**Student:** 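Sharing a structure, written as structure tokens. Questions coming.
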Amino acid sequence: MVLDIPQERGLSYLDHKYLDGLDVCRFPLFNFLQPLTLDWMYLTYVIMLLGALGITLGCFYRLSCLLFLLPYWYVFFLDKTSWNNHSYLYGLIGFQLTLLNANRYWSIDGFLNPRKRNAHVPLWNYTLLRTQIFIVYFIAGIKKLDADWVEGYSMGSLSRHWLFDPFKLIMSEEMTSLVIVHWGGLILDLTAGYLLFFDVTRPAALFFVSYFHCMNSQLFSIGMFSYTMLATSPLFCYPDWPRRLVAKSSSCLHWLLPATQPPQESAACVYPGRKGKSQSRLRHKIGAAFTVLYIIEQLFLPYSHFITQGYNNWTNGLYGYSWDMMVHSRSHQHVKITYKDGITGEIGYLNPGVFTQTRRWKDHADMLKQYAVCLHGLLGAYNISEPEIYFDVWVSINDRFQQRLFDPTVDIVKADWSPFRRTPWLKPLLVDLSPWRAKFQEVEDSLDNQTDVVFIADFPGLYLENFVSEDLGNTSIQVLQGEVNVEIVKDAKNFTLKEGERMQVAYSLSAK
């Protein structure tokens with residue numbers, strides 16, 4: 001986290017993100033949360049950084065944990081657009097460390113306090129951390145049992161990366177994507193936690209998870225996550241592995257390295273079978289109860305989307321706490337924001353992403369609602385009164401048809417949204433058209449490298465406007481299924497195309 005805070009957390013570009021007086025729409029989890037002034041935000045980040053450094057060194061450990069944890073979750077809740085699984089994981093581990101005795105070995109606190117120096121820690125400390133990492137792997141594997149992942153549609157283009165070139169020496173790119181990327185990722189996530197737990201399988205598991213995370217560090221822009229997961233692997237080894245490693249090092253280095261002597265007993269631990277030390281105290285019982293309850297909560301949260309239905313879109317919940325890593329890939333073909341003056345009726349268009357520093361809002365109804373309300377307030381400064389805001393967002397998920405995500409006829413400013421109810425203006429994913437993806441691949445393979453093709457599906461009664469440049473003379477529309485009405489605006493002509501029919505188009509057109 002000492003390395004992460006200036007990078008992914010944003011300390012290095014804080015002035016760009018939280019500049020005072022900036023007209024920008026923000027997306028906090030709770031609308032009452034607002035960023036502090038820039039100077040105070042810098043102070044918040046510096047406190048978080050000092051807390052992370054204190055945890056690293058084991059210096060004023062409990063205070064350092066609080067200095068890191070409180071600013072971290074404040075910053076986390078302040079911006080939903082930056083949420084992802086590993087940012088959530090960092091916050092969870094920070095919370096756990098606050099309760100654990102992680103400053104008992106090779107720490108400044110141990111140097112200053114003999115009672116903390118080289119002392120035992122309760123087994124539940126290890127149980128909590130090990131189970132958390134097991135959940136990250138295993139639930140991610142369960143999520144990858146999704147049909148799109150098993151059939152190889154989630155990360156279809158990943159096998160083009162040079163890291164997979166050795167596999168493509170013995171199999172095609174398509175088979176590399178299916179077998180290595182998708183099936184290999186599924187098997188690793190499902191089994192990694194179990195294999196790391198047992199002595200016999202741990203060496204092989206350490207090799208494969210290390211190889212996996214090293215590859216991820218090159219494939220994705222995920223900050224310190226790959227290195228964090230590498231650092232968690234030794235949690236599954238016997239706790240005395242650092243002592244055994246130091247004992248094998250050169251004796252001239254022992255003064256610099258951690259102690260090799262057996263740890264001293266600790267009042268925080270229970271020693272079964274030892275007279276006077278085998279009786280559990282209240283804090284021991286609380287620690288055990290907390291561990292059980294925390295594990296149950298972590299197993300429940302990834303499947304709690306039936307409660308927070310307002311955050312469900314085509315996928316369940318806000319991306320971040322479900323461990324559905326890389327299961328869904330999206331591409332956006334068309335995004336249009338329309339405003340209508342509530343008094344004059346004047347209609348205009350906004351550049352997608354205006355007044356924001358992100359485009360994550362395009363995929364989430366809760367953020368779209370926040371964005372619309374924010375635009376409603378900001379447009380008043382541009383002589384637009386009581387504006388209505390309409391969004392037309394076209395998305396393809398896992399190589400399906402491009403289709404509308406939200407109803408473009410609904411004024412989102414006045415639209416109903418609740419975190420606990422299904423969003424009524426969310427358009428359904430056309431899963432019944434998923435089998436067409438095999439046909440898409442056949443069509444694309446039949447085209448040359450100079451030809452682009454887009455596959456679009458829409459709902460009856462809606463239309464899509466497009467401008468076709470004169471330079472694109474060889475542009476056509478073909479109906480795969482259903483019926484489409486095509487209007488050539490410039491020529492004021494209308495055509496009806498049925499299944500299998502095709503026509504050349506040019507200039508501005510609209511299709512229903």
Side-chain angles (χ1 to χ4, degrees), residues 86 89 92-93 96-97 99-107 118-145 180 183-217 225-250 253-254 257-266 268-274 277-278 280 284 287-288 290-292 294-296 298-299 323 325:
H86 59 267
L89 177 64
L92 292 179
I93 294 178
Q96 293 171 31
L97 289 174
L99 306 175
L100 308 184
N101 298 330
N103 61 335
R104 298 300 194 260
Y105 190 61
W106 208 25
S107 68
N118 194 18
H120 281 141
V121 296
L123 182 59
W124 70 265
N125 286 200
Y126 277 95
T127 301
L128 202 63
L129 289 169
R130 288 169 175 165
T131 307
Q132 182 68 72
I133 303 306
F134 173 86
I135 288 173
V136 172
Y137 282 118
F138 186 69
I139 299 296
I142 294 293
K143 299 285 185 173
K144 285 181 174 63
L145 291 173
I180 304 301
W183 293 358
L186 168 63
I187 293 170
L188 186 138
D189 278 338
L190 282 176
T191 61
Y194 293 104
L195 298 178
L196 285 168
F197 187 79
F198 295 105
D199 295 347
V200 175
T201 55
R202 188 175 302 120
L206 288 172
F207 170 79
F208 282 111
V209 299
S210 299
Y211 183 70
F212 174 73
H213 293 305
C214 287
M215 288 185 69
N216 284 345
S217 71
F225 180 52
S226 299
Y227 310 106
T228 300
M229 293 305 291
L230 284 170
T232 62
S233 295
L235 282 171
F236 293 87
C237 301
Y238 286 100
D240 66 342
W241 71 265
R243 302 176 197 280
R244 290 184 279 120
L245 185 64
V246 171
K248 294 178 181 179
S249 64
S250 174
L253 297 176
H254 284 188
L257 297 174
T260 58
Q261 295 84 9
Q264 63 173 318
E265 295 182 351
S266 170
C269 299
V270 176
Y271 298 89
R274 299 278 297 278
K277 297 186 178 182
S278 61
S280 299
H284 300 136
F290 168 78
T291 302
V292 173
Y294 179 84
I295 292 172
I296 292 173
Q298 281 296 298
L299 290 171
W323 313 121
M325 293 173 275

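Keep in mind it's a predicted model, so treat the numbers as computed, not measured.
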**Student:** Say whether, by atom type as modelled, one donor and one acceptor occur between the side chain of Lys144 and the main chain of Ile187 under 3.5 angstrom.
**Tutor:**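 Flag not set: sc Lys144 to bb Ile187 has no pair under 3.5 Å.
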
**Student:** Check step by step if side-chain contact (heavy atoms from CB on, under 4.5 Å) holds for Met229 and Val209.
**Tutor:** CA-CA 9 Å; Met229 293 305 291; Val209 299; over 6 Å; no

**Student:** As an exercise, state the distance from CZ of Phe290 to CH2 of Trp124, rounded to the nearest 0.5 Å.
**Tutor:**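 Rounded to the nearest 0.5 Å, the CZ-CH2 separation comes out at 6.5 Å.
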
**Student:** State, yes or no, whether a side-chain contact exists between Gln298 and Ile295 at a heavy-atom distance under 4.5 Å.
**Tutor:**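 No, their side chains stay 4.5 Å or more apart.
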
**Student:** Look up atom NE2 in His86 and atom CG in Leu89, then write down how far apart they are to the nearest 0.5 Å.
**Tutor:**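 Spacing of NE2 (His86) from CG (Leu89) equals 9.5 Å.
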
**Student:** The test is ring pair (Phe, Tyr, Trp, His ring centres under 6.0 Å); show your working for Tyr194 and Tyr137 and say whether it passes.
**Tutor:** CA-CA 10 Å; Tyr194 293 104; Tyr137 282 118; over 10 Å; no

**Student:** Taking C-beta and beyond as the side chain, do Cys237 and Arg202 meet within less than 4.5 Å on heavy atoms?
**Tutor:**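 Cys237 vs Arg202: side chains touch.
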
**Student:** Determine yes or no for a side-chain-to-main-chain donor-acceptor pair under 3.5 angstrom, with Asn125 supplying the side chain and Ala102 the backbone.
**Tutor:**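 No; zero donor-acceptor contacts below 3.5 Å.
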
**Student:** Would you indicate whether the side-chain heavy atoms of Pro263 and Asp240 approach each other to under 4.5 Å?
**Tutor:**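 No; the side chains remain at least 4.5 Å from each other.
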
**Student:** Please answer whether the main-chain N or O of His213 pairs with a side-chain N or O of Tyr227 as donor and acceptor at a distance below 3.5 Å.
**Tutor:**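 A pair under 3.5 Å: no.
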
**Student:** So how far is it from Lys143 NZ to Trp323 CH2, rounded to the nearest 0.5 Å?
**Tutor:**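 Output value for this atom pair is 11.0 Å.
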
**Student:** Tell me whether the count of non-hydrogen atoms from other residues, nucleotides or ligands lying under 6.0 Å of CZ in Phe208 goes above 12.
**Tutor:**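 Not more than 12 within 6.0 Å, no.
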
**Student:** Please answer whether the main-chain N or O of Asn118 pairs with a side-chain N or O of Arg104 as donor and acceptor at a distance below 3.5 Å.
**Tutor:**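 No, because the side chain of Arg104 does not come within donor-acceptor range (under 3.5 Å) of the backbone of Asn118.
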
**Student:** What pair of heavy atoms forms the shortest contact from Asn101 to Ala268, and how long is it?
**Tutor:**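 In terms of heavy atoms, the two residues are closest at ND2-CB, 3.7 Å.
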
**Student:** Suppose we screen for ring pair (Phe, Tyr, Trp, His ring centres under 6.0 Å). Which residues come up paired with Phe197, at least two apart in sequence or across chains?
**Tutor:**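 Here no residue qualifies.
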
**Student:** How many angstroms lie between CD1 in Ile135 and CD1 in Ile142, if you round to the nearest 0.5 Å?
**Tutor:**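 Spacing of CD1 (Ile135) from CD1 (Ile142) equals 12.0 Å.
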
**Student:** Taking atom CG of Leu128 and atom OH of Tyr294, what is their separation to the nearest 0.5 Å?
**Tutor:**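 With rounding to 0.5 Å, CG (Leu128) is 6.0 Å from OH (Tyr294).
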
**Student:** Is there side-chain contact between Val121 and Ser266, with heavy atoms separated by less than 4.5 Å?
**Tutor:**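 With C-beta onward as the side chain, the pair stays apart.
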
**Student:** Of all heavy-atom pairs between Leu235 and Tyr126, which one has the smallest distance, and what is that distance?
**Tutor:**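 Taking Leu235 first and Tyr126 second, the nearest heavy atoms are O-CD2, 4.2 Å.
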
**Student:** Output, in order, the C-alpha distance, side-chain angles, deciding distance and verdict of side-chain contact (heavy atoms from CB on, under 4.5 Å) for Thr201 and Thr191.
**Tutor:** CA-CA 10 Å; Thr201 55; Thr191 61; over 6 Å; no

